[in-house]
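Presented below is the structure to which this report refers.
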Protein chains: 2
Amino acid sequence: MKKYRKLSGVKEIARLADVSIGTVDRVIHNRSGVSAKTKSKIETIIKQLNYQPNILASRLASGKVYRLAVLIPRGSEKTDFWDAPLKGIKRAEEEIKQYGISVATFFFDLNDKTSFIASTEQIKKQKRYDGVLMAPSFVKESLSFIRYCRDQSIPFVFIDSNIEVSGSLSYIGPPLFQSGFLGARLCTFGMKKTKKVLFITISKEKNRYNYSKIEEGFKNYFFENNVDHDLVKLTITDTEKESVFRNLEKAFVKHPDIEVIFVTNSRVFSVAQFLETKKYKQIHLVGYDFSKENQNYLKSGLIDFLICHKPEEQGYRGLMSLYHHLALHLPVDPMYFMPIDIVTKENQDFYR
Amino acid sequence: MKKYRKLSGVKEIARLADVSIGTVDRVIHNRSGVSAKTKSKIETIIKQLNYQPNILASRLASGKVYRLAVLIPRGSEKTDFWDAPLKGIKRAEEEIKQYGISVATFFFDLNDKTSFIASTEQIKKQKRYDGVLMAPSFVKESLSFIRYCRDQSIPFVFIDSNIEVSGSLSYIGPPLFQSGFLGARLCTFGMKKTKKVLFITISKEKNRYNYSKIEEGFKNYFFENNVDHDLVKLTITDTEKESVFRNLEKAFVKHPDIEVIFVTNSRVFSVAQFLETKKYKQIHLVGYDFSKENQNYLKSGLIDFLICHKPEEQGYRGLMSLYHHLALHLPVDPMYFMPIDIVTKENQDFYR
DNA sequence: CTGAAAGCGCTTACAG
DNA sequence: CTGAAAGCGCTTACAG
């Protein structure tokens with residue numbers, strides 16, 4: 001707890017350069033109005049001193065507030081997946097709000113494009129955001145919104161899924177191909193002979209980029225490892241329970257020898273429900289996301305493995321990356337892949 | 001980027017209480033020299049305003065530097081396990097050093113108690129640390145050092161392993177019992193019939209608390225799940241390669257039908273080496289820690305699963321918890337359990 | 001193009 | 001027991 005006081009940064013630089021601290025500040029922030037000569041003199045000294053600005057002092061003095069807009073799906077009664085990123089965002093907000101960050105969250109409905117558009121319009125109309133964190137769930141609509149952000153020089157960060165040619169500040173999300181690849185491993189673990197695998201996607205949107213990437217990885221596993229298998233693909237576009245049950249029923253009639261089921265998203269719980277009802281307890285089930293329902297079926301043994309990509313951390317990091325970029329002028333990873341976590345009955349109590 | 005300025009906290013309080021900000025400061029920090037009446041008046045206002053001190057300003061003004069001592073094993077050529085916590089510690093240090101934290105690291109040799117004692121003596125002699133982060137690898141010696149910390153009111157945090165009755169600020173580490181429990185699951189995955197499992201501990205120290213906890217959890221899995229099995233226990237106290245090979249050789253002569261091997265720490269790589277040499281490629285191998293050697297054997301398929309407990313994050317969180325406690329006066333979790341991560345060939349590239 | 005001054009919200013001596 | 005003043009390392013108008 002001893003006191004310790006270095007000579008002030010800008011003051012020291014100003015003294016050495018024989019200028020005022022105002023001029024030093026201009027050079028540090030690359031503001032205009034400094035003669036080339038003075039500028040280079042100051043820059044040399046800054047380098048020599050290996051000067052690191054004191055962010056505490058900077059933020060305190062400036063009193064600037066950066067306003068961030070968050071655009072993510074609303075957590076529904078069906079899956080609480082998006083509650084996790086939101087929790088991470090809230091946690092980040094708590095942590096940095098005293099450092100001059102304010103956050104406004106806009107939600108949209110994953111089943112309703114117009115709600116997405118409405119939110120983007122609102123953000124545009126308010127004209128007061130300095131950064132955007134978003135889940136680009138609707139590609140075309142996202143592209144249009146991104147155009148606006150770029151025009152306004154507003155940095156934007158994607159979480160959960162990516163749009164590749166976009167000029168985003170960062171993408172934070174899962175490595176989907178590898179995630180599907182691991183999924184296949186988990187489906188076939190310990191198997192010696194041929195197995196019949198049912199590959200299910202349950203989603204209103206057809207052709208989602210995410211699902212096809214997962215499928216690619218999944219298939220690639222069998223290919224690379226020369227695993228003999230029999231893959232049955234099933235896509236269910238009506239996500240209601242009755243529809244899922246009906247589709248599964250049909251699949252089992254056609255393929256009574258299914259041994260493993262892989263579900264490409266958090267709706268694996270509805271398949272678990274089906275298996276439970278049917279008492280198909282010997283069938284292995286692998287799926288995605290650490291949602292409440294899924295946790296219950298994991299605990300009861302109907303789901304064998306959940307693959308997760310730290311949704312809470314995605315939200316946390318997403319917001320923090322904007323903070324780092326805007327307020328701290330720190331470099332930000334343009335791609336930050338989440339780990340591919342394997343959650344089982346045995347480790348679920350310690351997963352976050 | 002609009003400017004936004006609230007009325008200053010202490011100033012506002014001082015105005016409302018009709019005192020000077022100096023007096024307000026005294027109350028906020030519970031320093032003496034304020035009349036009971038004034039004190040209670042100020043406290044009421046603080047509550048009403050739901051005043052949150054501005055840490056930026058506080059740290060900037062005080063210029064206090066908290067000195068932290070870190071006491072951990074040195075990463076050896078044998079296993080680089082302790083490089084990871086150190087990396088996390090360094091990362092935390094980088095992040096908070098500008099907020100008035102300085103860190104001194106003391107190493108000890110896991111095979112040499114006296115080196116541990118020597119480091120603790122050094123820390124004591126310097127008499128200048130405000131907090132301690134330590135791995136209490138030697139229980140008796142740690143207890144003696146902890147006594148010193150408590151006498152001096154120096155908060156201390158344990159990582160990796162815990163000493164329970166200690167008054168530590170926090171413990172950050174793995175839930176060992178559950179970790180062993182999961183290990184058993186990974187060993188028996190997909191097995192229908194009886195398997196012969198070899199349970200190995202390779203460590204100079206006999207009777208380490210960590211290993212026995214893992215063993216408890218491991219055995220409990222079989223018990224709880226009524227899994228028919230045959231468990232062979234092997235303890236190798238000489239960690240040299242030749243010794244490990246010799247012991248394994250003997251075990252395989254006696255039990256040629258071993259199908260799965262579980263190793264309770266990062267030395268699983270030496271068992272992988274053995275299996276590689278012997279071309280026992282059909283044997284499943286499960287062990288601990290994401291060290292370089294282990295990663296290689298995971299990649300090549302000799303190790304099936306590694307269980308990990310985010311060693312880097314343990315270091316990071318350990319240091320941050322001292323920072324939170326000392327500088328930010330934030331509450332700290334007395335127990336923070338790491339998740340039990342499962343790392344395979346397929347997801348190892350994304351593990352951190 | 002440059003400088004001097006005030007201020008961010010707090011803490012720290014010092015004076016009374 | 002209390003207050004007034006200086007200062008932490010920056011930023012921000014404003015004046016010239």
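Labels below follow one simple rule: chain letters A, B, ... track the order of the sequence lines, proteins then strands, and each chain is numbered from 1.
For the pair Asp333(B) (side chain) and Tyr336(B) (backbone), a donor-acceptor distance under 3.5 Å is absent. When atom types are taken as modelled, the side chain of Lys39(A) and the backbone of Val34(A) share no donor-acceptor pair closer than 3.5 angstrom. Asp160(B) contributes no side-chain N or O that, together with a main-chain N or O of Gly173(B), makes up a donor-acceptor pair within less than 3.5 Å. Formation of a donor-acceptor pair under 3.5 Å by the Gln314(A) side chain with backbone atoms of His309(A) is found in this model.
The phosphate of dT2(D) (OP1 or OP2) has no side-chain N or O of Thr23(B) nearer than 4.0 angstrom. Contact check, Lys64(B) against dC8(D): no side-chain N or O comes under 4.0 Å of OP1 or OP2. In terms of phosphate contacts, Thr38(B) brings no side-chain nitrogen or oxygen within less than 4.0 Å of OP1 or OP2 of dC1(D). Using a 4.0 Å cut-off, some side-chain N or O of Ser35(A) falls inside it from OP1 or OP2 of dT2(C). An OP1 or OP2 oxygen of dG3(D) is reached within less than 4.0 angstrom by a side-chain nitrogen or oxygen of Ser20(B). Listed pair Lys11(B) / dC8(C) meets the phosphate criterion, a side-chain N or O lying under 4.0 Å from OP1 or OP2.
Residue Leu60(A) contributes atom CG, which lies 12 Å from atom P of dC10(D) at whole-angstrom precision. Remark: P of dC10(D) and CZ of Arg31(A) are 14 Å apart, rounded to the nearest angstrom. Atom CD1 in Ile13(B) sits about 16 Å away from atom P in dT2(D), given to the nearest Å. Rounded to whole angstrom, the span from the CD1 atom of Ile42(A) across to the C1' atom of dC1(C) amounts to 11 Å. Straight-line distance from the CG atom of Leu49(A) to the C1' atom of dG9(D): 14 Å, rounded to whole Å. Between Arg59(A) atom CZ and dG9(C) atom P there is a gap of 13 Å when expressed in whole angstrom units. As a whole-Å value, the separation of Asn54(A) CG from dC10(C) C1' is 14 Å. Between Glu12(A) atom CD and dC8(D) atom C1' there is a gap of 16 Å when expressed in whole angstrom units.
Using the Watson-Crick or G-U wobble rule with both distances under 3.5 Å, dG3(C) pairs with dC14(D).
Of the candidates dT2(C), dG3(C), dC10(D), the closest approach to any side-chain atom of Ala61(A) belongs to dC10(D).
Mapped onto DNA chain C by nearest heavy atom, His29(B) and Lys39(A) fall at different nucleotides, with Lys39(A) at the one closer to the 5' end. Heavy-atom nearest nucleotides on DNA chain D were determined for Ala36(B) and for Ala57(B), and the one closer to the 5' end corresponds to Ala36(B). Position along DNA chain C of the nearest nucleotide to Arg26(A) versus Ile21(B) favours Arg26(A) as the more 5'-ward residue.
Across all strands shown, Ile28(A) has no heavy atoms under 4.0 Å from either base or sugar-phosphate atoms.
Between Arg91(B) and Glu94(B) no salt bridge is recorded (no basic side-chain N to carboxylate O distance below 4.0 Å).
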